[in-house]
S.K.: 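Structure below; questions to follow.
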Amino acid sequence: MTMRRILLTVGGLLLLSGGSLAAQEMKVTCKDGTLSKGGQGACSSHGGIATKSTVKSEAKTATSAAKADAKAMKSAAKADAKAMKSEAKTDAKMAKADAKSAAKDMKADAKAEEKEAKGATAVCKDNTYSHAKNRQGMCSGHGGVAKMMGK
């Protein structure tokens with residue numbers, strides 16, 4: 001009988017200690033989102049043990065914040081693309097206007113050159129025309145005479 005009593009006492013103690021060991025082995029979520037082993041002092045340096053509703057609300061808040069950030073980034077990217085498109089249009093218009101102006105200037109230069117060539121007596125070394133009547137001083141300041149024009 002004493003042997004039975006000892007066995008029952010030891011078995012009961014093992015059973016009770018097994019329950020508390022299982023409680024220590026389970027994981028709990030702390031208020032700052034970290035996981036800790038259960039038991040006394042669990043999450044003591046993490047703000048305490050979070051309840052299921054706290055964990056769910058924090059997850060919901062994090063999800064909504066992530067969605068808001070994604071939406072803001074998408075709208076910012078859209079605005080940047082729109083600004084770049086507008087800038088490209090403006091640059092294209094400016095390039096077109098510059099090309100048109102350059103063509104107009106070239107035509108004006110050609111017409112002026114034709115007028116200068118009319119009645120010229122010599123072509124200077126810098127490709128300008130001289131209308132001087134005498135050879136003396138002809139193309140002075142232009143590098144000299146390159147070619148005399150015949151009348």
S.K.: If you compare all heavy atoms of C124 against all heavy atoms of H142, which two are closest, and at what distance to 0.1 Å?
M.R.: CB-CB, 3.7 Å

S.K.: How far does CD of E87 sit from CE of M84, to the nearest 0.5 angstrom?
M.R.: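 Rounded to the nearest 0.5 Å, the CD-CE separation comes to 7.5 Å.
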
S.K.: Just verifying a value: how many Å separate D80 CG and M73 CE, rounded to the nearest 0.5 Å?
M.R.: 11.0 Å

S.K.: Counting only N and O atoms by type, is there a donor-acceptor contact under 3.5 Å from the side chain of S64 to the main-chain atoms of K60?
M.R.: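 At least one qualifying donor-acceptor pair exists.
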
S.K.: Decide yes or no on side-chain contact (heavy atoms from CB on, under 4.5 Å) for V123 and M149, but give the supporting numbers first.
M.R.: CA-CA 7 Å; V123 178; M149 304 288 279; 3.6 Å; yes

S.K.: Checking L35 now: which residues fulfil side chain to side chain contact (heavy atoms under 4.5 Å, CB included) with it, not counting sequence neighbours?
M.R.: T29

S.K.: Please check: side-chain N/O of T121 versus main-chain N/O of K133, any donor-acceptor pairing under 3.5 Å?
M.R.: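 Here the side-chain-to-backbone pair does not exist.
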
S.K.: Taking the side chain as everything from C-beta on, heavy atoms only, tell me whether I49 gets closer than 4.5 Å to K31.
M.R.: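 Result no, sub-4.5 Å side-chain heavy-atom pair not found.
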
S.K.: Minimum heavy-atom separation for A132 and M138, please, with both atom names.
M.R.: O-CE, 3.6 Å

S.K.: Any sub-3.5 Å donor-acceptor pair from S86's side-chain atoms to A83's backbone N or O?
M.R.: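 No, because the side chain of S86 does not come within donor-acceptor range (under 3.5 Å) of the backbone of A83.
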
S.K.: Ignoring hydrogens and angles, tell me if any N or O in the side chain of S101 forms a donor-acceptor pair with the backbone of D98 under 3.5 Å.
M.R.: no

S.K.: With rounding to the nearest 0.5 angstrom, report the OG to CE distance, S130 to M148.
M.R.: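 Atom-to-atom, S130:OG and M148:CE are 8.0 Å apart.
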
S.K.: Tell me whether D32 contacts the main-chain N or O of T34 through its side chain, where contact means a donor paired with an acceptor under 3.5 Å.
M.R.: yes

S.K.: For the pair H131 (side chain) and G119 (backbone), establish whether a donor and an acceptor sit closer than 3.5 Å, ignoring hydrogens and angles.
M.R.: yes

S.K.: Would you please test K67 and T63 for side-chain contact (heavy atoms from CB on, under 4.5 Å) and show each step?
M.R.: CA-CA 6 Å; K67 283 182 182 179; T63 303; 4.1 Å; yes

